[in-house]
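In what follows, a structure is listed as structure tokens, so that the remarks can point back to it.
Lettering of chains follows the sequences in order, A, B, ..., and the numbering in each one begins at 1.
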There are 2 protein chains.
Amino acid sequence: MRISTRGEYGVRAMLDLALHHGQGPISLKTIAERQDISEHYLEQLIASLRKAGLVTSVRGAQGGYLLAKEPSEIRIGDIIRTLEGPIAPMECVEEDHDSCVKVERCATRVLWQKLQASMEKVLDNTTLACLCEETLRLKAKDDSFMYHI
Amino acid sequence: MRISTRGEYGVRAMLDLALHHGQGPISLKTIAERQDISEHYLEQLIASLRKAGLVTSVRGAQGGYLLAKEPSEIRIGDIIRTLEGPIAPMECVEEDHDSCVKVERCATRVLWQKLQASMEKVLDNTTLACLCEETLRLKAKDDSFMYHI
DNA sequence: AGAATTCCTAGGTACTTACTCGGGATTGAT
DNA sequence: ATCAATCCCGAGTAAGTACCTAGGAATTCT
């Protein structure tokens, strides 16, 4: 019932890009260092994100990666689906899967569908812009805490 | 992002017991055949459910398993937590886990907490009794469909 | 030209999952 | 008392997945 490191690292990398949106291309190395992720592993993940049209790349010196859209237009669900596959707690609730034979099983299927819907609601209603705001909020709290010492 | 077969089979087996609640102990073999699950594998799962106090066993000939409580008192969340561990999409939102160092990461943590809450809400608001009702509803539909032919 | 960087392919290790196997302990029916 | 059904327990295994590594070709800035 866990999101794997693919999803975790992917979201963190995308948030990193979002927080530096408008500052030109960010190199893989920079993201990997800031986020403490293996550079080569991150390369594989970001390749998937590029193919999915969520980031664009600039090759050559001073190159790097950029968000392909505004942070407010990239949903966390898009990132997770790209890196982890369909958001489905059970095979039988994935798209174009034949319904099962046994009626009893389909009662559980209704449950898995509800679970799926609730997960998609959270992940598709949160965008990178939301996480940027949240980050600023947390930073502000952090700073005020430091002044108290 | 999938529930494994442990959770899937466990819920199916428990629903099977719930649908035959009050009919005396049901043998492992019967459940395994009805639910099309490997008997030895199911044995392991049901052993965990027994230790968690969700089922009781009756040994010897004509023995088998019984729900330890009423179907309305067994939440799907209890079954999943027993067989799959804590319902947490990310390690950092499990109980008694130290918060992470980086502020940026904690912005994503807020997201994972929301996701976790939405999942627990669905799984803890559904009981075996709910699934029994759903099964009867589906059976009724199925029968009326057959009469139409 | 040369340095920085993305891009691409291939492979390897350690862990997890989904089982299987073998045998022992307990108990009800006869 | 015996037998057969059934629960109970521990170990083993094959396939898949997650994560990481290595190396080199292509591209672009300076």
Rounded to the nearest angstrom, tell me the gap between atom CD in B:Glu84 and atom P in C:dT16. 14 Å

Atom CG of B:Leu45 to atom C1' of C:dT20: distance rounded to whole Å? 14 Å

I need the CD1-P distance between B:Ile37 and C:dT20, as an integer number of Å. 12 Å

Measure the distance from CD on A:Gln62 to C1' on D:dT27 and round it to the nearest whole Å. 13 Å

Whole-Å distance, B:Leu42 CG to D:dC8 C1', equals 14 Å

What is the distance from CD1 of A:Ile3 to C1' of D:dA18, rounded to the nearest Å? 15 Å

Out of D:dT27, D:dA5, D:dC29, whichever nucleotide has its closest atom nearest the side chain of B:Ala61: D:dA5

By a strict heavy-atom criterion of less than 4.0 Å, which residues belonging to residues 7-32 of chain A are in contact with DNA chain D? A:Tyr9

Is a donor on one side and an acceptor on the other found under 3.5 Å between the side chain of B:Glu84 and the backbone of B:Ile3? no

Ignoring the backbone of B:Tyr65, work out which of D:dC7, C:dT6, C:dA18 is nearest its side chain. D:dC7

Are the side chain of A:Gln35 and the backbone N or O of A:Asp16 linked by a donor-acceptor pair below 3.5 Å? no

On a heavy-atom basis, which atom in A:Val55 and which in A:Tyr65 lie closest, and how many Å separate them? CG2-CD2, 4.2 Å

Classify the side chain of A:Arg59 and the base of C:dT6 as holding, or not holding, a donor-acceptor pair under 3.5 Å. yes

For A:Thr126 and A:Val122, work out which heavy atoms get closest and say how close. OG1-O, 2.9 Å

Verdict with supporting geometry, B:Lys114 and B:Val93, side-chain contact (heavy atoms from CB on, under 4.5 Å): CA-CA 10 Å; B:Lys114 277 188 201 164; B:Val93 293; over 6 Å; no

Basic-acidic side-chain contact under 4.0 Å: B:Arg81, B:Asp124: yes

Under 4.0 Å between a side-chain N or O of A:Ser4 and OP1 or OP2 of D:dT17? no

Pair A:Glu94 + B:Arg2, salt bridge at N-O below 4.0 Å: yes

Which atom names give the shortest non-hydrogen contact between A:Ile80 and A:Val11, and what distance separates them? CD1-CG2, 4.0 Å

Measure the distance from CG on A:Leu83 to P on D:dA18 and round it to the nearest whole Å. 11 Å

Closest of C:dC19, C:dT20, C:dA29 to the B:Thr5 side chain is C:dC19

Rounding to an integer number of Å, can you tell me how far B:Tyr41 OH sits from D:dA15 P? 17 Å

Of all the heavy-atom pairs spanning A:Ala107 and B:Thr135, show the shortest one and how long it is. CB-OG1, 3.2 Å

Taking only the side-chain nitrogens and oxygens of B:Ser38, find out if one of them lies under 4.0 Å from OP1 or OP2 of C:dA18. no

Nucleotide by nucleotide, 5' to 3', does protein get under 4.0 Å of the base (B), only the sugar-phosphate (S), or neither (-) in nucleotides 8-13 of chain C, counting heavy atoms? B-B---

